[in-house]
Amino acid sequence: MSGSEDLDLLPTPLMSERHSGVPSRLTKEAAAARSRLYANRTLPSSKPRLRPVRLPPDTTEEVFAAAVKSLRSSIGAENVVVNDQPLEDGWYLEHPNTHDAFHVVDQEELVCSAVVFPGSTAEVQTVVRWANEYLIPIYPISIGRNVGYGGAAPRMPGGVVVDLGKRMNSIVDLDGEGATCVVEPGVTYFSLYEEIQNRGLPLWIDCPDLGGGSVLGNAVDRGVGYTPAGDHWANHCGLEIVLPTGELLRTGMGALPGKDGADSPTWQSFQNAFGPKIDGIFSQSNLGIVTKMGFWLLHEMNHQSYCVTFAKDEDFAQIVDTIRPLAQQGVLGNIPQLRHIIQELNVTGKSKSTFHGGDQPMTREEIRQAASELPLGDCAWVFYGTQYGDAASIDRQLDVIKAAFSEIDGTKFWLPKDVPHDHYLHSRVQVCGGVPILRELDWLNWLPNAAHLFFSPIAPTRGRDAQVIHDIVAKGHHKHGFDLFPTLCVAGREIHYIANIIFDRADAEQKKRAVRLTRELIRDCAREGYGEYRTHLLFQDQVARTYGYNDQALMKVNEAIKDTLDPNGILAPGRCGIWPKRFRGKGWALGVDDVDMETIAAKL
Ligand code: EUG
């Protein structure tokens with residue numbers, strides 16, 4: 001049975017109806033994206049649960065029931081929902097907060113016992129104190145769209161998801177003069193963008209490829225976007241945090257109380273404030289729940305997106321070496337993307353079966369054949385860049401960029417006017433101009449029931465290093481039978497090399513291969529001295545331990561801080577590989593050999 005009939009009838013919730021909904025300007029795109037995705041689905045929209053509610057570790061049914069009753073009485077019965085209903089993967093705009101929609105292991109493994117919805121910082125403190133009382137692990141999410149990295153799932157099955165976004169989604173401040181804002185966890189790129197438009201402010205936001213994520217959540221997870229303010233963590237300015245013991249803290253200038261109980265007028269003005277700068281320990285960590293974040297915005301600018309195509313696969317290292325000085329000198333306006341030509345196929349939104357029969361990866365010849373019928377034609381790599389400034393300045397910048405790239409044989413330069421209106425370049429115009437959209441969902445039409453995992457190592461911006469990583473990744477994909485989709489986000493000194501591993505979540509054997517591939521890539525890159533900037537929940541132990549200089553000295557400090565700030569080990573145990581004393585060394589951590597679903601399940 002296909003699950004598409006029932007769900008397709010209801011429109012995607014709008015932003016006016018639900019905090020995580022879609023802006024009305026994108027309703028048509030959303031409807032089209034959803035029907036394409038659901039047309040590729042063979043799994044039912046949900047199936048009966050095979051197992052009872054997954055309880056928190058070391059918690060009996062009786063204690064859990066008492067804990068739920070107690071929390072219901074303090075934050076309201078409607079704000080504590082036990083996860084006992086059929087699990088629905090949904091899709092990007094109607095996503096679960098109970099589990100990972102892109103489940104790498106069985107759908108019922110990485111699940112929570114309950115979801116709770118605090119409505120204020122004070123209620124977050126209440127939830128944290130409750131977790132300490134009952135020794136129940138909690139796992140905060142902002143929106144829950146950390147797609148490819150675990151989504152909304154808790155690392156520890158049976159943990160209680162604290163869904164911050166549902167009731168804490170206000171833009172606390174939006175300052176047109178300072179070009180700053182203060183946001184709660186539930187503010188999405190869509191909603192912040194909309195508010196700026198509604199107020200008619202000449203400001204931009206920076207957004208990632210998909211616009212439905214949390215501004216705060218993405219920054220705290222050190223995500224990136226594509227305007228000159230693409231480093232989100234670098235643009236945060238002061239945090240409000242609930243510590244694992246329930247105390248409330250503000251960092252940066254936010255720590256300084258303003259006049260008569262107001263916030264400090266400098267909270268969003270200056271990042272470095274006074275004394276040790278501890279903000280860092282609250283990003284990619286499990287040391288506090290960020291409930292408010294000051295954030296810098298950009299001024300709107302004239303901008304010009306373009307792409308450059310390169311003829312040969314082997315030009316890869318030279319392309320990287322050509323980008324480096326352009327980026328370091330500030331000629332490149334943003335963080336550009338360098339994509340392999342195969343991505344031109346999947347951003348058409350068509351499925352792999354359009355281009356290839358069978359289960360094997362597409363051959364280079366098949367890719368060439370299919371690409372030759374697309375607007376950019378047969379080539380190897382595509383560079384998507386954007387320049388900012390007045391028209392004359394952009395012309396000068398483009399002259400320099402064209403001159404540099406034309407040193408590479410067979411290079412062609414393209415403007416949006418050179419490609420059809422539905423070409424991906426027009427989506428770059430929007431994202432790189434601060435307009436959050438949904439185009440990148442088209443990746444997921446590649447396979448039936450498509451799910452994805454990101455493998456995200458950092459390379460120096462140097463051809464020979466990037467080549468080492470690319471060769472490891474290509475070899476691994478070939479060995480395990482996956483198409484390779486590399487997108488490189490290239491800065492002056494480093495590259496986020498992102499390989500998007502797409503798999504069919506209905507196919508257990510394919511999931512196992514995806515896990516094996518990811519584990520081997522982490523291991524093989526680490527052997528060459530390269531590590532990931534971010535990873536899916538199930539790989540965080542392994543990645544964390546590759547950062548093991550001097551007998552895991554970094555992890556030992558992380559654990560010491562964890563034990564000090566979270567003595568009962570209640571906050572997101574295991575997140576980013578950091579286990580509190582209570583669970584450390586008790587068999588929870590997953591390593592390079594944990595590839596079978598059964599092996600992993602036994603440790604979950
Ligand atoms: C992308 C970029 C990322 C990431 C995941 C996906 C882009 C995909 C630079 O970081 O972590 C097109």
Side-chain angles (χ1 to χ4, degrees), residues 33 92 100 102 143 145-151 189 206-215 217-235 283-284 305 307 323 327 332 334-349 381-386 424-425 427-428 430-432 436-446 450-461 466 469 473 483-502 518 521-522 525 530-537 539-540 543 576:
Y92 185 73
D100 182 5
F102 297 149
I143 291 290
R145 291 194 176 122
N146 200 7
V147 293
Y149 294 119
Y189 296 100
D206 181 280
C207 49
D209 296 275
L210 288 170
S214 161
V215 175
N218 184 284
V220 165
D221 218 39
R222 304 208 287 266
V224 309
Y226 303 99
T227 72
D231 181 343
H232 295 161
W233 180 245
N235 284 283
S283 84
Q284 287 196 8
S305 291
C307 65
I323 296 171
L332 296 179
N334 70 339
I335 300 289
Q337 285 189 345
L338 180 63
R339 297 175 160 229
H340 191 260
I341 182 67
I342 190 174
Q343 259 105 293
E344 289 294 307
L345 309 186
N346 68 11
V347 290
T348 60
W381 294 96
V382 188
F383 174 96
Y384 284 98
T386 303
Y424 182 66
L425 180 52
S427 306
R428 293 323 290 173
Q430 293 194 281
V431 170
C432 300
I437 55 172
L438 291 168
R439 176 69 181 262
E440 215 78 23
L441 287 175
D442 284 344
W443 290 67
L444 292 175
N445 298 315
W446 193 248
H452 68 115
L453 269 174
F454 289 126
F455 175 66
S456 318
I458 299 292
T461 309
I469 291 181
V473 175
D483 292 308
L484 168 56
F485 299 107
T487 299
L488 287 78
C489 304
V490 189
R493 296 181 181 81
E494 63 79 28
I495 298 170
H496 284 45
Y497 181 116
I498 311 290
N500 199 358
I501 302 168
I502 302 179
T518 306
L521 294 181
I522 295 166
C525 283
Y530 305 108
E532 288 67 55
Y533 95 102
R534 198 170 169 195
T535 196
H536 184 280
L537 290 174
F539 305 95
Q540 292 179 351
V543 167
C576 288

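Just follow the structure's listing: the first ligand is 1, and inside any ligand the first atom is 1.
Near Glu440, meaning under 4.0 Å from any of its heavy atoms, are these atoms of ligand 1: 12 (C). The atoms of ligand 1 that sit less than 4.0 Å from any heavy atom of Arg534 are 11 (O).
No donor-acceptor contact under 3.5 angstrom links the side chains of Arg534 and Ser456, judged on distance only. No side-chain donor from either of Glu532 and Tyr497 sits under 3.5 Å from a side-chain acceptor of the other.
Closest to atom 9 (C) of ligand 1, if we only count protein heavy atoms, is Val224 CG2, 3.1 Å.
Of the candidates Trp443, Phe454, Phe455, Tyr533, the one placing a heavy atom closest to atom 11 (O) of ligand 1 is Tyr533. With Ile498, Asn146, Asp209 as candidates, the residue nearest to atom 7 (C) of ligand 1 on a non-hydrogen basis is Asp209.
Residues Tyr226 and Tyr384 place their aromatic rings such that the two centres sit no closer than 6.0 Å.
Inclusion of Tyr149 in the set of residues having an N or O under 3.5 Å from an N or O of ligand 1 is warranted. Taking only nitrogen or oxygen atoms, main chain and side chain alike, Tyr226 does not reach within less than 3.5 Å of ligand 1.
In this structure, the side chains of Pro208 and Glu440 stay at 4.5 Å or more apart for every pair of heavy atoms.
Looking at Arg339 against ligand 1, only its side chain comes within 4.0 Å, counting heavy atoms.
Residues forming a salt bridge (Lys or Arg N to Asp or Glu O under 4.0 Å) with Asp209 (at least two apart in sequence, or on another chain): Arg428.
Residues Val224 and Asn218 share a closest heavy-atom pair of N-OD1, 3.9 Å.
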